[in-house]
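As a basis for the values below, the full set of heavy atoms in this structure was taken, side chains included, without hydrogen atoms, waters or symmetry mates.
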Amino acid sequence: MSSPQRSPEIDFKAVFESAPGLILVLTPELRVAVASEAYLRAIRRPREAIVGRALAEIFPDDPEEPGGAWGRNLRASLDRVNQTRQADAMEVQRYDLRRPEDGTLDERHWSAVNAPVFDAAGKIAYIVHHVEDVTVAQRRERALQRANEELRAASEKLATSQAALYQAQKMEAVGQLTGGVAHDFNNLLTVIIGNVDLLESEAGRDQQMLKLIATIRRSAERGARLTTQLLAFSRRQTLRPEACNLNSLIIDLDVLIKRALGEAIEVRTSFNPGLWPVNVDAAQFEASILNLVVNARDAMPEGGNFTIETHNTTLDAEAARLADVRPGQFVMLSFSDTGAGMTPEVLERAFEPFYTTKEVGKGSGLGLSQLYGFVRQSGGHATIESAPGRGTTVRIYLPVAMRQPAPAQPAAKPATKLRGSETVLVVEDDPDVLDVAVATLGDLGYRILVAHDGIEALHILARDEPIDLLFTDVVMPHGVSGIQLARQARKLRQDIKVLLTSGYTVHTVSPEYGAEREFPIIGKPYRQAELAEQVRRALGRAPQAGG
């Protein structure tokens, strides 16, 4: 019978040194009994500086000393082991080591478990302190956190951009619809106002007839103001921008602003004295401001404060991208009231045309939409901040002009009625508008030729017949617009004069041409006196006296 094999002797020191992690063995009194080579290398100290010494000497509780917090938390964990007689796991701790070569700190992150070892009597003989260096994992986790934060920020930025894009697309779609309605309505108003002018000429001194005509005219002109606001929102109104100082424009409106707000509302102003000039249509700017004033008044029925501020500002690429404008210098105007404020639902739709929270008959819902369209057409941006009970602030950003405002010139007084005898080719596809234009110009003494579209007009222009002025609508069927017709007319007849008309603006129909500078334009609807003046101006000749 063979003898049993003896178990090999275990080299416990080799096992201890080859165990993963960093290991200390401490007495219950927290003195180091054994330290692994890995531990000594990790803390960069010789064995004699560790073994046999109290833990408080190795890791002093000194907030200025690297590792001070680690030592304090380690002693607390070891105390818990002594008290509970159970293992205690420490959370990940930061332990900074000072580099011997240059004294800089090397940031480390350690995770530790402290476990009791009992003797035969059941008393704690030793406590094993086992450390795992998780610095790399911690760095990866922090890198992942940073990546997640950057991703979250990018997602929020994308969501903001998508919301802005959706709002811009919605406003653009509503603007196109609104502009189309306004264009067609302007044609109708041209017919009404033109016929009213002709009726007025026929009425003589018939007071009853003149009273009826005046009533029709007031209604038509009210409709014309509404279409002007619609075209402003859709950015299809005719603007006459010039370099202006907005401080001066607002100061000139001071009386009107205070009168519109009433005595119960205090007006406060804060103007930048070095305000940059901007390029705007002064009349449309003033109309926009008065619309804001009326809204502020209605929001403060019990009174309050209305504050106007002006500032110079610069929009960087990111701010300009969100505002859908070009980066650069802007003048910012702020209009704040202490009124009722808006709910988020109302605020989201505040710039939309016809949207109003007022009672039926108390508002058209076009005031803020007119402001929005005017500012956007002027190359700027508008924002609203509001909350229930916290008032409303509207900010307008308008791009800086490259030139200074010109000194004011006294307005010339137009003649009462300007007449002529030249030949005018009238081109218009709407038969009712055509009839009114022909009758109006005929009443002013002009000889009239008629075409219903651009192709017919080109045939007339090719004939050997004197024509002094081409008066044409811009938007026409059959592929020949008024702008194209005007250019062809200039090729056929170098001396012919041109006057365009449209319910839109020319640059809206054909923005790449800059046609408003190339040819003069009169917007629809027009009155007889306005058409008479524009025709004489287009012909470049002195008006003839008329009655």
Side-chain angles (χ1 to χ4, degrees), residues 183-184 186-187 190-191 194 236 238-240 415 418-544 546:
H183 172 266
D184 292 344
N186 269 338
N187 275 340
T190 300
V191 175
R236 297 183 177 186
T238 301
L239 294 181
R240 295 176 175 83
L418 305 178
R419 302 177 59 82
S421 57
E422 292 88 347
T423 300
V424 180
L425 173 57
V426 180
V427 189
E428 172 64 62
D429 64 297
D430 187 308
D432 291 334
V433 177
L434 177 63
D435 289 346
V436 166
V438 169
T440 301
L441 290 170
D443 188 56
L444 292 170
Y446 294 97
R447 175 175 173 266
I448 308 299
L449 300 175
V450 170
H452 298 86
D453 57 38
I455 295 174
E456 185 180 354
L458 287 172
H459 287 308
I460 296 173
L461 288 165
R463 299 197 309 239
D464 187 14
E465 185 172 2
I467 301 175
D468 299 290
L469 176 70
L470 171 65
F471 179 48
T472 177
D473 190 19
V474 173
V475 181
M476 288 192 299
H478 307 139
V480 180
S481 71
I483 297 168
Q484 293 167 332
L485 173 61
R487 289 180 176 158
Q488 290 295 322
R490 284 276 172 88
K491 291 179 180 179
L492 294 170
R493 299 168 179 253
Q494 293 183 351
D495 296 331
I496 195 170
K497 307 301 182 183
V498 175
L499 177 61
L500 302 176
T501 184
S502 179
Y504 294 137
T505 59
V506 175
H507 75 269
T508 302
V509 179
S510 199
E512 73 275 16
Y513 297 137
E516 281 187 286
R517 291 180 293 274
E518 189 174 356
F519 305 111
I521 181 172
I522 181 173
K524 296 177 182 177
Y526 45 76
R527 295 191 58 181
Q528 186 182 54
E530 184 184 4
L531 179 60
E533 181 182 355
Q534 291 296 328
V535 167
R536 295 314 305 171
R537 191 175 293 173
L539 285 167
R541 300 174 187 174
Q544 300 176 10

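For the pair Thr423 (side chain) and Asp468 (backbone), a donor-acceptor distance under 3.5 Å is absent. Using a distance-only test at 3.5 Å, with no hydrogens or angles considered, no donor-acceptor pair links the side chain of Arg419 to the main chain of Ala532.
With rounding to the nearest 0.5 Å, the separation of CD in Gln534 from CG in Leu500 is 11.0 Å. Distance check: Arg537 CZ to Leu418 CG gives 9.5 Å after rounding to the nearest 0.5 Å. Atom NZ of Lys497 and atom CG of Leu539 lie 8.0 Å apart (nearest 0.5 Å). Thr472 OG1 to Leu485 CG: the interatomic distance, rounded to the nearest 0.5 Å, is 5.0 Å. Atom CG in Leu470 sits 11.5 Å away from atom CD in Gln488 (nearest 0.5 Å). Note that the NE2 atom of His452 and the CG atom of Asp430 stand 10.5 Å from one another [nearest 0.5 Å].
Listed by chain and residue number, Val424, Leu434, Ala437, Leu441, Ile448, Phe471 satisfy the side-chain contact (heavy atoms from CB on, under 4.5 Å) test with Val426 (two or more places apart in sequence, or in another chain). Under the side-chain contact (heavy atoms from CB on, under 4.5 Å) criterion, Asp435 pairs with no residue at all, not counting sequence neighbours. Scored by the side chain to side chain donor-acceptor pair (under 3.5 Å) test, Asp429 finds no partners at all (sequence neighbours excluded). Residues forming a side-chain contact (heavy atoms from CB on, under 4.5 Å) with Leu492 (at least two apart in sequence, or on another chain): Leu458, Leu461. Partners of Glu465 by side chain to side chain donor-acceptor pair (under 3.5 Å), not counting sequence neighbours, listed by chain and number: Arg447, Arg463. Applying the side-chain contact (heavy atoms from CB on, under 4.5 Å) criterion to Ala451, with sequence neighbours excluded, gives Leu425, Val427, Glu456, Ala457, Ile460.
Annotation: side chain of Asp443 is in contact with side chain of Gln528 (closest heavy-atom distance under 4.5 Å). With contacts defined as side-chain heavy-atom distances shorter than 4.5 Å, the pair Val475/Ser481 does not qualify.
Closest of all the heavy-atom pairs between Ala486 and Val498 is CB-CG1, 3.8 Å. Contact detail for Ser502 and Asp473: the closest heavy-atom pair is CA-OD1, 3.7 Å. Contact detail for Val480 and Gly454: the closest heavy-atom pair is CG1-CA, 4.0 Å.
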